[in-house]
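Below: one structure, written as structure tokens.
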Number of protein chains: 2
Amino acid sequence: MKLNQFTDYGLRILMYMSRKPAHLPATTITELADQFGISRNHLVKVVQFLSNNEVLDAQRGRGGGLRLFNSAGTYKIGKLVRLLEQDEELINCENPRCILAGDCGLKGILNGAQNALYEYLDQYTLEDISQPALSKTLQALFEAPSDQMI
Amino acid sequence: MKLNQFTDYGLRILMYMSRKPAHLPATTITELADQFGISRNHLVKVVQFLSNNEVLDAQRGRGGGLRLFNSAGTYKIGKLVRLLEQDEELINCENPRCILAGDCGLKGILNGAQNALYEYLDQYTLEDISQPALSKTLQALFEAPSDQMI
């Protein structure tokens, strides 16, 4: 069970942008391609989608580029994943066409389970999962000299 | 987000076998291939796996074939899906290697979300989702003449 590659790339882009200090220039596709090693082709599709859905704000021209449309704390992860997954269901009864289709309890409970997954993810925002300051704090804790034991 | 094809086939096989009247002969790979239009190659792998994990019981020889190892009501769907998915995680930080790997809150919450999905599915057993009798009951209810309204 894997998130779509489209979703994966979308989340990486958004996490990168939510961590990027605000005083730095807006992000470009080239920058994302260089940083992530993802092809421009893929990135353009994801960025376009996120821009169309008002998750990213794309400004053309000089000094232009990509920014988050709203602050990172407004984006629930469940909502982002649901959006990027574009209604893909966990199971495909048509490929190959299943003889039990139409008389099957599995599809309904898989839909319920997928909703449970999204609801879990909605407990967290883009800000929650992009906390470089927090991890530096943890890092400092791990590196601090412990009290001397006699 | 899709279940693995391996999981999909495993569930179809198990649902088929849990509905099959007990007095009929044990199920064969040929029968499954004919009924589902799935290649023997794929089926053998799934059946072998389910047999190794004591979900299916495979008897060789005359009158042999496949049966459920235990009754359908003992198999929780979450446990079956977890088994068939073989620990696959929702996201792969290595392909391509993500620059945020190791300093990222996403993986942890995706693991939590995946567990929430499995816990939801564990509310149901193979018996619950393979209820041809129930669907016939519902069908009868829908077809029963309503009381006459004056």
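On a predicted model such as this, the values are computed, not experimentally measured, just so you know. To find a chain, count down the sequence lines: A is the first, B the second, and so on, and within it residues start at 1.
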Side-chain (A:Glu88) to main-chain (B:Met1) donor-acceptor, under 3.5 angstrom: yes
Donor-acceptor under 3.5 Å (A:Ser130 side chain, A:Glu127 main chain): no
Proximal component of B:Glu85, with respect to chain A [non-hydrogen, under 4.5 Å]: side chain
Side chain / backbone / both / neither for A:Leu126 at chain B, heavy atoms under 4.5 Å: neither
Residues in residues 3-13 of chain B near chain A [non-hydrogen atoms, under 4.5 Å]: B:Leu3, B:Asn4, B:Asp8, B:Tyr9, B:Leu11, B:Arg12
side-chain contact (heavy atoms from CB on, under 4.5 Å) between A:Ser18 and A:Leu68, intermediate numbers included: CA-CA 7 Å; A:Ser18 64; A:Leu68 289 179; 3.9 Å; yes
Between B:Ala113, B:Gly78, B:Cys93, B:Cys98, the one whose heavy-atom pairs under 4.5 Å with chain A are most numerous: B:Ala113
Check: B:Ile109 and A:Ile77 side chains under 4.5 Å, non-hydrogen atoms: yes
Under 4.5 Å from any heavy atom of chain A - which part of B:Phe36: both
Expected output: side-chain A:Lys79 to main-chain A:Leu121 donor-acceptor under 3.5 Å: no
B:Tyr75 (side chain) donor-acceptor with B:Leu14 (main chain) under 3.5 angstrom: no
Option that, when pairs with chain B are counted at under 4.5 Å, heavy atom only, ranks first among A:Leu100, A:Val81, A:Ile38: A:Leu100
side-chain contact (heavy atoms from CB on, under 4.5 Å) between A:Thr27 and A:Arg67, worked out: CA-CA 7 Å; A:Thr27 305; A:Arg67 293 198 184 277; over 6 Å; no
Side chain proximity check, B:Met15 to B:Ile129, heavy atoms < 4.5 angstrom: yes
Any donor-acceptor N/O pair, B:Asp122 side chain to B:Glu119 backbone, under 3.5 Å: no
Among A:Gly108, A:Gly37, A:Cys104, residue most engaged with chain B (heavy-atom pairs, under 4.5 Å): A:Cys104
B:Lys2 NZ: over 12 foreign heavy atoms closer than 6.0 Å: yes
Residues A:Glu31 and A:Tyr16: side-chain donor-acceptor under 3.5 angstrom: yes
Note, A:Leu90 side chain near A:Asn111 side chain (heavy atom, < 4.5 Å): no
Region of B:Asn92 in contact with chain A, defined by heavy-atom distances below 4.5 Å: both
Verdict with supporting geometry, B:Lys107 and B:Glu89, side-chain contact (heavy atoms from CB on, under 4.5 Å): CA-CA 9 Å; B:Lys107 203 165 169 84; B:Glu89 294 185 307; 2.9 Å; yes
Contacts with chain A made by residues 43-59 of chain B (heavy-atom distance under 4.5 Å), listed by residue number: none
